[in-house]
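Right, one structure below, let's go through it.
Below, all heavy atoms of this structure are taken into account, side chains as well, without hydrogens, waters or symmetry copies. Just so you know, ligand 1 is whichever comes first in the structure, and atom 1 is the first atom listed for that ligand.
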Amino acid sequence: MTTAQHLNQQFGIAGQLTFRDDASGLVVAEFNNAHATASLCLQGAHLMSWQPRSQSKPVVWLSRDAKLAAGKSIRGGAPVCWPWFGAHATEAGFPGHGFARTVPWQVLESGIEPNGATRLTLRLVSSDKTRAQWDHACNVDLTVIVGDTLRMEMATENTGTADFVIGEALHTYLQIGDIGAVRVTGLEGCQYWDKVGGSELKNQVGSVSFTGEVDRVYINTSAECVIEDDKLKRRIHIKKSGSLSTVVWTPWTEKAGKMGDMGQPDGWREMVCVESVNAIDNVVKVAAGTRHTLIVEYRAISF
Ligand code: TA6
């Protein structure tokens, strides 16, 4: 019996949640309920797509160049960045955004919410490889609830006797009509580290609009953000808790071209990242014996 067959026996939900063995050798969970469809790769607990039935276009973007491969990150979806965000503070050879998104996760449980949404919880599988980069006794779980809204809960439990500090993110790519026809509200007046051309601390004036590369880490903000999309005529609401940083990112033409997997030639124009994060000034100390949870909920409303 294959991995997917075992998982279907133990955690599958007829007509709502099925697991399949992908040609890449990875396993993918497919969600299909009255409210939405979604897909999630078990490696990295990587949600790859989400489309509410109320929307004619997906809300979570996946590059048409995205590839599933063991040990490799997937371009798009909602990458799990953990236990650090961005480059490792001291080890240049460690993977950017941590190792969580490129290692196996195991299914802990699945179920149906009272409103009919489908729930799946996964736990990162520690190994010699992960312990070589992060040797703290802990569990990190991701719960995904797929319905007319998409809820994601990333919980870090310190099961050891010493405190530790993490950086983390749900690095979500949202689908838009065109990067030139959207703005992000909710960050007005916030301070941010501008990563384009160095790292300077600046203040956000008005909403965020896009005429070039944007790579900003907004700090000390728990604000709800809204992507106002004039082309798709919808608003994507991004409501979070347990997160004090928000990252807004578009690579723009030159960087997207160098990345090579953003859906050539201009797939990058149809996404913007609005990420729920704890990074830089907002890294999180998880005291021994405690649990920290980052939660984000997405909702798309047409106008
Ligand atoms: O969150 C924005 C960012 O840190 C950018 O600087 C860019 O590196 C992006 O993440 C994508 O990173 P990745 O490692 O997924 O290619």
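- For Phe85 and His97, the ring centers are positioned less than 6.0 Å apart.
- Remark: the backbone N or O of Ser209 is not paired with any side-chain donor or acceptor of Arg183 at under 3.5 angstrom.
- Around ligand 1, the residues contributing at least one heavy atom under 4.0 Å from the ligand are Arg75, Phe85, His97, Arg101, His171, Lys195, Asp215, Val247, Trp249, Glu275.
- You'll find the side chain of Glu297 stays beyond 4.5 Å of the side chain of Ile295, heavy atoms only.
- When atom types are taken as modelled, the side chain of Ser245 and the backbone of Val217 share no donor-acceptor pair closer than 3.5 angstrom.
- With Phe210 as the fixed residue, the side-chain contact (heavy atoms from CB on, under 4.5 Å) test singles out one of Thr250, Asp178, Ile176: Thr250.
- With hydrogens and angles disregarded, no donor-acceptor distance shorter than 3.5 Å links the side chain of Asn282 to the backbone of Ser243.
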